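Worksheet: the structure to be examined is printed underneath.
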Amino acid sequence: MNFTGAHILSISQFQRSDVEYLFTVANQMEPYALRKRVTRVLEGAILGNMFFEPSTRTRVSFGSAFNLLGGEVRETAGFESSALVKGESLQDTARVLSGFSDVICMRHPQAGSVADFASASRVPVMNGGDGANEHPTQALLDLYTIARELKGKGRGIDGLRIAMIGDLRHGRTVHSLSKLLCLYSNIQVILISPRELALPEDIVEQMRAAGLAVTVSEELNSSIANVDIVYSTRIQEERFTTKEEADLYRGKFRLNQAIYTQYCEPNTVIMHPLPRDSRSDANELDSDLDSNPNLAIFRQTDNGLLIRMALFALVLDVVGKVDQYSHDVRWYNSRQN
Ligand code: CP
């Protein structure tokens, strides 16, 4: 794929070579993400960060990634602070905002909405999550995390064994990650969910057609015994018609240290796209795992910065100039101590 000027809307756009190139560029971003160097390569560029659903990680890490490359961020958060509430179409909003921005990131509750917006945009658009459809940059940072975690064990992504747990029907991060795994060989996937929240059949079919060994389970403990990664997810309450309907499934699959110790292979890596639901009736990933060195959830969020910096550098075609426009850090860097 040619990254320059491209919209990043779906994992379907990516070939394996694109993912590998992206990961190489992400590695190059580490000195800047860790504040060992400062680059101003995107000085003068503006990111339009448009979030029409709640977000902490995706919104702030897109913004921080752009700032760390020297660009500026203009943010719209929530329908009520945009002219969409006055009846303006997404396409008109795109026509306007692409005059103000060099790249736009967007999250929206409707599947397909970010692609609709992108069709009228004069600048590249990145999908920060469109309803229950896709969250491509999350999947890329998840796979980058998997690659880094397995590299420490002398392994690559090929041959991966992964259990995906929770609301697989509505979880867009799982949808995108499942599609991304189709680019790799000898992958075993265990899908653990209530039957009503199973991964959409078209995605399961896509994985099987790509040669992945997919099994389905409604039971947690016995299904996490032989995997490299447990990828837990939250019940996506916002996608249910009522809270009561979501309550039927909340708390069904809880991983804690005792279950991990009893059922998982030693050093199984624990991931979650976050936010985890830490309320007592949910608690799919217990805080007693926080001191477990195999809990990778905050390495995932740190890696998100690298992946999003790399995507901006590629889409705005500055990969070869990042170091040229860099200088030393002048302030105290607590990360180095
Ligand atoms: N993983 C993720 O999309 O988190 P936010 O909802 O906080 O952006």
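Since we're looking at a predicted model, the values are computed, not measured. Read the numbers this way: they start at 1 and go in the same order the structure lists the ligands and their atoms.
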Residue list, side chain to side chain donor-acceptor pair (under 3.5 Å) with N292, at least two apart or on another chain: Q257, N294
What residue and heavy atom of the protein are closest to atom 7 (O) of ligand 1, and at what distance? T56 N, 2.8 Å
So which protein heavy atom does atom 4 (O) of ligand 1 come closest to, and at what separation? R57 NE, 3.0 Å
With heavy-atom distances below 4.0 Å as the criterion, list the atoms of ligand 1 near Q138. 1 (N), 2 (C)
Is there any N or O on L274 that sits under 3.5 Å from an N or O of ligand 1? yes
Consider ligand 1: state whether an atom of it lies below 4.0 angstrom from any non-hydrogen atom of G129. no
Taking R208 for its side chain and V214 for its backbone only, find out whether a donor-acceptor pair lies under 3.5 Å. yes
Would R250 and D281 pass as an ion pair if we require N to O under 4.0 Å? yes
May I ask you to list the atoms of ligand 1 that are less than 4.0 angstrom from any heavy atom of P273? 1 (N)
Are F66 and L316 packed together at the side-chain level, in the sense that at least one heavy-atom pair is separated by less than 4.5 angstrom? yes
Heavy atom of the protein closest to atom 6 (O) of ligand 1 (residue, atom name, distance): R107 NH1, 2.9 Å
List ligand 1 atoms under 4.0 Å from T58, heavy atoms only on the residue side. 2 (C), 3 (O), 4 (O), 5 (P), 8 (O)
Any N or O of R59 closer than 3.5 Å to N or O of ligand 1: no
When rounded to the nearest 0.5 angstrom, what is the spacing between CG in L68 and OH in Y32? 11.5 Å
Does the plane of the ring in F52 sit parallel, tilted or perpendicular to the ring in F79? Use 30° and 60° as the thresholds. parallel
Set of residues satisfying side chain to side chain donor-acceptor pair (under 3.5 Å) with respect to N303, sequence neighbours excluded: T145
